[in-house]
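I have placed the structure first, in the form of structure tokens, so that the comments after it can refer back to it.
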Amino acid sequence: MDAAGSKEKQLPNPRATANIFEILTFSWLLSLFKTGQKRDLESNDLYDSLNDHKSSLLGLEIEKRWKIEIANAKSTNRKPSLLRVLVRMFGGSFLYYGLVQMFIEAILRMTQPLLIGGLLAYFNPGGSKTINTKHAYMYAFGLLLNILAYTVLFHYSQLEMLHIGMKIRVACCSTIYKKALTLSTTSLCETTVGQVVNLISNDVNRFDMALICIQFLLIGPLQTIIVTYFLWQEIGVSSIIGVTVFLAFVPLQGWLGKITSDYRSKIAPRTDERVRIMNEIISGIQVIKMYTWEKPFALLVQYARKMEIEQIRGTSWIRVFFQSFRIFHIRFALFTSILSYVLLGSYINTQQVKPLASLTDNNIIPVYL
């Protein structure tokens with residue numbers, strides 16, 4: 001620090017000048033790893049944030065686009081929408097990395113079982129007659145190339161999606177902060193400090209995870225169609241039964257999602273109330289200590305936290321169910337597919353049994369194939 005209040009200059013971020021190879025392999029972090037290998041990392045070893053991630057630039061950009069949205073909303077007689085602003089700012093990047101993720105899930109991930117199946121067919125008894133050594137090497141090389149491309153592109157797309165979510169979060173936090181500084185006295189009476197703090201510290205974090213999951217609303221149906229087609233080629237109508245069982249759980253997940261949304265709407269005001277109480281206690285801590293009101297106010301905070309925990313407990317149970325259900329319903333659909341395939345195979349074989357008449361000593365003896 002050169003002077004009081006001056007900011008220590010940080011190292012330039014190597015990500016800004018990294019080439020495509022360094023970005024895909026994260027090799028632009030090697031210098032930081034080498035420094036950490038020699039000594040403990042310090043605060044001055046951290047890189048400066050990228051220009052695209054700075055709140056000043058993102059805040060100015062969203063403010064400019066928000067003014068344009070207000071003007072458009074007035075001209076079309078509708079309410080201004082923050083979603084429209086975010087789509088105009090980050091929609092292009094989100095679409096690009098969403099297409100990369102679609103390629104990963106619909107092409108690379110779907111071709112892995114085919115390549116593994118072709119490779120294993122060579123090692124089956126008599127498989128060398130249908131698949132020669134050249135094709136086996138081709139399947140093996142294709143599988144290795146597929147896994148490499150999947151690993152590189154998957155982490156690349158996930159990181160960029162997190163970048164977009166972080167930029168949305170930073171832009172919204174900058175907007176909330178600027179709005180809080182310009183609130184009128186009447187608005188300050190209606191808006192508590194706890195609500196603003198909760199918005200910045202908790203609610204905007206949902207953007208980070210939402211952008212990773214929302215793209216699967218489009219990838220999921222496409223991937224289901226592709227999987228059903230390949231299963232139909234192998235097990236026939238049993239694939240429809242397994243996929244139907246898999247899709248039957250979708251309404252249940254939607255219902256649980258709605259319950260989670262209701263819990264979230266109840267948690268938010270109770271969290272705001274708890275943070276408001278804590279801010280008032282901290283601002284008046286001298287008076288509270290002077291009159292020895294610690295225990296009554298501690299009980300007040302404890303009650304506010306208890307009411308908040310009751311709603312958080314409900315969302316935690318649903319989250320636990322979702323985590324276990326994600327593993328169970330896939331295996332249950334696979335089990336029903338295999339079971340239906342075995343039962344249908346047994347039924348078809350039974351229907352194909354035909355009695356043959358064999359004459360022996362003038363007696364008809366039924367012989368069954």
Side-chain angles (χ1 to χ4, degrees), residues 7-62 65 85-112 115 140-174 204-220 222-223:
K7 184 178 179 181
E8 186 176 357
K9 187 176 181 180
Q10 292 181 306
L11 298 173
N13 198 319
R15 177 66 165 74
T17 57
N19 54 42
I20 185 63
F21 176 78
E22 292 174 337
I23 292 174
L24 292 176
T25 58
F26 299 96
S27 58
W28 55 274
L29 285 170
L30 289 178
S31 59
L32 184 65
F33 292 156
K34 291 179 181 178
T35 304
Q37 187 179 11
K38 296 177 182 178
R39 57 177 176 82
D40 293 337
L41 295 176
E42 299 176 356
S43 59
N44 56 0
D45 294 320
L46 298 178
Y47 299 130
D48 190 15
S49 60
L50 297 173
N51 291 330
D52 295 339
H53 299 166
K54 290 183 178 179
S55 60
S56 57
L57 299 178
L58 291 171
L60 291 174
E61 180 68 18
I62 194 173
R65 292 182 179 270
V85 176
L86 296 178
V87 169
R88 290 192 179 97
M89 285 185 63
F90 307 101
S93 301
F94 177 78
L95 181 61
Y96 170 73
Y97 295 112
L99 291 176
V100 174
Q101 188 68 29
M102 181 180 295
F103 173 76
I104 294 170
E105 296 293 337
I107 304 299
L108 295 180
R109 194 169 185 177
M110 292 295 99
T111 53
Q112 284 184 8
L115 296 171
F141 180 74
L143 181 61
L144 292 176
L145 201 63
N146 184 297
I147 294 174
L148 177 62
Y150 178 85
T151 303
V152 172
L153 293 179
F154 176 79
H155 291 288
Y156 168 70
S157 63
Q158 292 294 300
L159 179 62
E160 293 303 324
M161 282 293 181
L162 288 174
H163 276 170
I164 296 174
M166 182 189 68
K167 288 192 285 187
I168 295 177
R169 171 166 51 85
V170 171
C172 291
C173 287
S174 177
V204 293
N205 293 329
R206 299 295 180 263
F207 286 117
D208 294 335
M209 298 307 299
L211 289 185
I212 296 178
C213 300
I214 197 173
Q215 56 190 328
F216 287 94
L217 293 176
L218 181 60
I219 297 175
L222 178 61
Q223 200 171 16

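Not measured: the values here are computed from a predicted model.
- Atom CG of L58 sits about 7.5 Å away from atom CG of D52, to the nearest 0.5 Å.
- A distance of 4.5 Å separates NZ in K54 from CG in N51, rounded to the nearest 0.5 Å.
- Looking only at side-chain heavy atoms (C-beta outward), M89 and I62 come within less than 4.5 Å of each other.
- Taking every heavy atom of both residues into account, H155 and T151 meet most closely at CD2-O, 3.0 Å.
- Taking all atoms of both residues into account, the shortest heavy-atom contact from L211 to M161 is O-SD, 4.0 Å.
- Closest approach of Q215 and Q158 over heavy atoms only: NE2-NE2, 4.1 Å.
- The heavy-atom pair separating M166 from D208 by the smallest distance is N-OD1, 3.3 Å.
- Heavy-atom contacts from other residues, nucleotides or ligands closer than 6.0 Å to CD of E42 number more than 12.
- The shortest side-chain heavy-atom distance between L144 and L148 does not fall under the 4.5 Å cut-off.
- D48 contributes no side-chain N or O that, together with a main-chain N or O of P12, makes up a donor-acceptor pair within less than 3.5 Å.
- In this structure, G59 and S174 approach most closely via the heavy-atom pair CA-OG, 3.4 Å.
- Within a 6.0 Å radius of CG in N19, other residues, nucleotides and ligands contribute more than 12 heavy atoms.
- Using modelled atom types and a 3.5 Å distance limit, the side chains of Y47 and S31 yield a donor-acceptor pair.
- Between atom CG of residue L41 and atom CZ of residue F33 there is a gap of 9.5 Å, rounded to the nearest 0.5 Å.
- Taking the charged nitrogens against the carboxylate oxygens, E160 and R15 do have a contact shorter than 4.0 Å, which makes a salt bridge.
- In this structure, I219 and I104 have side chains that are not in contact, with every pair of non-hydrogen atoms separated by 4.5 Å or more.
- Taking CD1 of I23 as the reference point, atom OH of Y156 lies at 6.5 Å (rounded to 0.5 Å).
- Considering CG of L29 and CD of E22, their distance stands at 10.0 Å, rounded to 0.5 Å.
- At a threshold of 4.5 Å between non-hydrogen side-chain atoms, the residues W28 and N13 count as touching.
- Around atom CD1 of I214, no more than 12 heavy atoms belonging to other residues, nucleotides or ligands sit under 6.0 Å away.
- Residues F94 and F90 keep their aromatic ring centres 6.0 Å or farther apart.
- Annotation for C172 and F207: closest pair SG-CE1, 3.9 Å, computed over non-hydrogen atoms.
- Between F216 atom CZ and M102 atom CE the span is 10.0 Å, to the nearest 0.5 Å.
- For T111 (side chain) and I107 (main-chain N/O), a donor-acceptor pair under 3.5 Å exists by modelled atom type.
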